[in-house]
Every structure is written in structure tokens, then in C-alpha cells.
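Here is how names work: the chains are called A, B, and so on, in the same order as the sequence lines, proteins then strands, and each is numbered from 1.
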There are 2 protein chains.
Amino acid sequence: MTLSEEDYIKAIYHLGKGNNTTVSTNAVAEKMDTKPSSVTDMVKKLSEKGVVNYKKYKGVSLTEYGQKLALTLVRKHRLWEVFLVEKLDFSWDEVHEVAEQLEHIKSEKLIDRLDKHLGFPQVDPHGDPIPSKKGEFKKAIKKLLNEVPIGISGICVGVKDSSGPFLKFLDKNKIALGDTITVLDKEEFDGSLHIQIQGRKIHISNQIATNLFLKITE
Amino acid sequence: MTLSEEDYIKAIYHLGKGNNTTVSTNAVAEKMDTKPSSVTDMVKKLSEKGVVNYKKYKGVSLTEYGQKLALTLVRKHRLWEVFLVEKLDFSWDEVHEVAEQLEHIKSEKLIDRLDKHLGFPQVDPHGDPIPSKKGEFKKAIKKLLNEVPIGISGICVGVKDSSGPFLKFLDKNKIALGDTITVLDKEEFDGSLHIQIQGRKIHISNQIATNLFLKITE
DNA sequence: ACAAATTTTTAGACAAAACTAAAAATTTGT
DNA sequence: ACAAATTTTTAGTTTTGTCTAAAAATTTGT
């Protein structure tokens, strides 16, 4: 696969939300920041190659083979993200662009060894699951912290309230995007939570918990 | 720079042996496994961009700017080779092809961080020096082990005699390509050598020493 | 020195991946 | 249902990097 073909495969995969939904030419064009006519051309080529199912005017979806290719790309992308954050101290939000380049490197051995070097991580720095070599992987869902059951862990991926005071609170309490949070216990009385965050145990109000998004892998 | 442009820059650099000698169109074509006419085209383009000096029929050399680009590529290539060998347990001879891809990744931060992660290595697994961020670096020379002065270290990069018995000897004595060897002392009498290899101290005959190549950085 | 051999360049084509403009198909609104 | 709006495709170009074949320049051998 060429670089460009791989980019289309990933776009179709992500637009289909991993469920392999049929997606429109226009949607792909927008995602890839290109023109619909270019998408039509490429999609025809990918169809010839057995990567996608394509019927004129009817949209495009990945074949079994195409899905396998997409999962390999996702696996490579997320492993490189882990590498950048864990080994090279990149921050949460700096990794995407570089991983976007690294995912195109062609060497199965490289990815296997990288996986091992990183200790076979299950999720990337954004909390998204990393497909196994065979393409198996768990789905991730985004939940508000107050809806997370006791005993479950997730990665902090966003805030609902992005006001100054709330962000200041998070900063003061050293709660940051990318942090791993486990719900230890809930108080029936006021809905407040006992959580473990990056190893520390703290107690937060229900109001805080309703404004933090966690990504959970099942 | 595009991928292809970068490959030409590297080819011109390596053909010029780092001394920025003028090289012929045919030589570049052979190195790049392409046709001379393609080289002419590309060289014109690189000349427009100020990367090379080019006079019709007179060959091509890198400009100051082109040399800087070449050294950056060499730096990236060699740092990735160190990474593959040191961190991912690739062997000496498996790294080139993968590094050839990795060297094109565009992110200054990535290379700086990688350099730090690897402990600012001075040479790659083949004993070749790694240019600094500013493009400074030492020259490496290849010498037979018996010609290496006392106190000097190098990396074992080849054998002169590749017969079965000699290779078996090396294997039995755990002398392998990529090993770091230091000359500790020489016996005047028989020209035999006391060396340190990968930490171990051993004594080898002059005959062995005249059949092993070391790469030395000055 | 000059004909032959070699090297290098030019000219014209091609494939990949993009674009623009226009045509065709589908969807939407009433 | 059918005209209007939207989406998608087609047709024809463009750019990048390559190629072949032929022409031009340089080098070599005697």
C-alpha cells in the first residue's frame, strides 16, 4: 500500500467508527481535506485491489481485508504514541502528528519489537485501545466520571466545563488529561467520590465528577 | 524536502564520501538504482532550490545548505540505527532498511528527544560517527586491528579472511561484528595483542589481528 | 587530432494522486 | 411527484518523479 492509500483506509475506518459503516464520498473528502473527485478516483483503485466495497453513488466500506489493514495501521499509530509519551516524554497532545508519519513505516519486526519494548500496552495515551497483532481489540467508551462504576479505571480525556475556575481547580489538584483514574468508592449521601489518580488517593465532590470525561476500555 | 529529494541528497553526500567531491550523473543513477536522465531532472530541481551546485556535463556537488541537509539525514539515520539495536534488539545487519525509512520522519523534537533517550551516542552500530545537531562530527576510518595504536578503541566491522576456520574461531571466542574492541597492549616479540572486547580481556595472535577490521573515530 | 566510445542531456510519455469544471445521479422540499 | 438542491462522478489538466529513445557533449584510444 502506498502512503496515500493507507491514509484513505484509515479515514474510511475512522469514519465508520470501527463498525465498518458505509461512508460517503463527501465525508471522506472532508476528513482527508481533499476534493470529492479525488476520493472517487482513489476509492475505485482501492476497490480494484479488494480493499473496499464500492458501488457508484452508494458510498464505500472496508472489506474484511481492508479492515485488517486499517487495524494494523491503528495498532502502529497507537504503539508509536505510547512510545513518544512513555519513552521520549512527549505530552499527550503533541504525539498525533508524529505518529501519523511513523505509522507508515513498513516493518513487521519493528512493530513487534516496539510492542515488546513498551511492555505490550493495552491502551494509548488517549485511552484508546491498541489492537493486538491479530487485530483483536476492546472497544473504548467515554463516560463522565460520576457514571463510572466502583473498581473501574479509565484515562482522563476531557472536561465538560472548561471555565477558568474549574481548570484552575484541576491544576491545583494535579488532575491532568492523560491521567489514569480509578474509582475506589462512592458516598451515597452527596455523590462524592474517592478516587485514585496517578497513584494518589483523593476525595472529590460530585460536581467535579460530573465535569470530567474518562475513557474506559471494557 | 520530499522523500525522493532527500534520497538524492544522501546519495550525493555518500558518493562524495563526506568531502563534498563533485560526482557524476551516472554514479548517482547507479547508486539510486535509477536512470541517468532521471538524475539530470532531479539535479536541476535541487539546483533551483539551492541544494546542489550543478553545471551541465560537469557533475554535481552539495552546496553548504545541501551539506547541512545531508548531515541532518545522516544524523537521523544513525540515531535510529542505535535505537533499533540498543532498545529493540535488532542485530547489526537488520537495521539499515528500517532506518532508511525512519530517517525521513519530520520532527526536530523527535530527533532531539531520541538522542537524549539514547544517551547522546557518538557512533552508530556500524562504528560510524553521528553528527551533532549542529552538523559537527568526527571522521571514521577503517583499520586492520594490528594497525590500531595502543589505547585506542573501535568497533569490529568486518573480516579480511572469511574462511570457515577463521569464522569458527571468532564464534568460539565470542568476537562478533559490532563488538567494541580496545587495544590494551602489544607484544613486540610475536605481534600478538592484548585486547578488551565487550568488557572481557583476551589475548589474540597477530594473525587474528591482521584479519579483523575495526572502525575508529578520531 | 580526430573517430569511436562513453556520458550526459533533451524531448516526449507515462503513472500516481491531486485538481477544476461540468455532467449525471440522488435526495429533498413542498 | 417533480423541480431544486445536493452529492457524486466524469473528463480533462497538473505536478512529481520516473522512463525510453535520440541528440549533444565529453572523453578515450591510437
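Across all strands shown, S38(A) has heavy atoms under 4.0 Å from base atoms, whether or not it also approaches the sugar-phosphate. When heavy atoms are screened at a 4.0 angstrom cut-off, T40(A) is found touching base atoms of the nucleic acid.
Minimum interatomic distance between K49(A) and E5(A) (heavy atoms only, all atoms of both residues): NZ-OE2, 3.0 Å.
Contact annotation: K44(A) reaches the phosphate of dT10(D) (side-chain N/O to OP1 or OP2, under 4.0 Å). OP1 or OP2 of dT9(C) lies within a sub-4.0 Å distance of a side-chain N or O belonging to T25(B). At the phosphate of dT9(D), OP1 or OP2 sits under 4.0 Å from a side-chain N or O atom of Y54(A).
Within the 3.5 Å criterion, the main-chain N or O of G16(A) finds no donor-acceptor partner in the side chain of N20(A). For Q101(A) (side chain) and K106(B) (main-chain N/O), a donor-acceptor pair under 3.5 Å exists by modelled atom type. Distance alone, capped at 3.5 Å, is enough to place a donor-acceptor pair between the T63(A) side chain and the G50(A) backbone.
Nearest-nucleotide positions on DNA chain C for V39(B) and M32(A) put V39(B) closer to the 5' end. Nearer the 5' end of DNA chain C, as judged by each residue's closest nucleotide, is the contact made by A27(B), out of T34(A) and A27(B).
Between the CD atom of E48(B) and the C1' atom of dT15(D) there is a distance of 15 Å, rounded to whole Å. Between K35(B) atom NZ and dG12(C) atom P the separation is 21 Å, expressed in whole Å. Atom C1' of nucleotide dT8(D) and atom NZ of K55(A) are separated by 16 Å, given to the nearest angstrom. A straight line from CG of D41(B) to P of dT10(C) spans 9 Å, rounded to a whole angstrom. Taking atom CE of M42(A) as the reference point, atom P of dT10(D) lies 16 Å away to the nearest angstrom.
For N26(A), taking side-chain heavy atoms from C-beta onward, the closest of the listed nucleotides dT8(D), dT20(C), dT9(C) is dT8(D).
For the side chain to side chain donor-acceptor pair (under 3.5 Å) with E103(B), the lone residue among R75(B), K76(B), K10(B) that qualifies is K10(B).
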Atom pairs under 3.5 Å, N or O on each side, protein against nucleotides 21-28 of chain D: can you list them with distances?
unit_1, atom_1, unit_2, atom_2, d
dA25(D), O4', Y57(B), OH, 3.3

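If you check dT26(C) for Watson-Crick or wobble pairing at under 3.5 angstrom, you find it paired to dA5(D). The pairing partner recorded for dT14(D) is dA17(C), the criterion being a Watson-Crick or G-U wobble arrangement whose two distances lie under 3.5 angstrom.
Taking the six-membered ring for Trp and thresholds of 30 and 60 degrees, F83(A) and W80(A) have ring planes more than 60 degrees apart, a perpendicular arrangement.
Within 6.0 Å of NZ in K138(B) there are 12 or fewer heavy atoms belonging to other residues, nucleotides or ligands.
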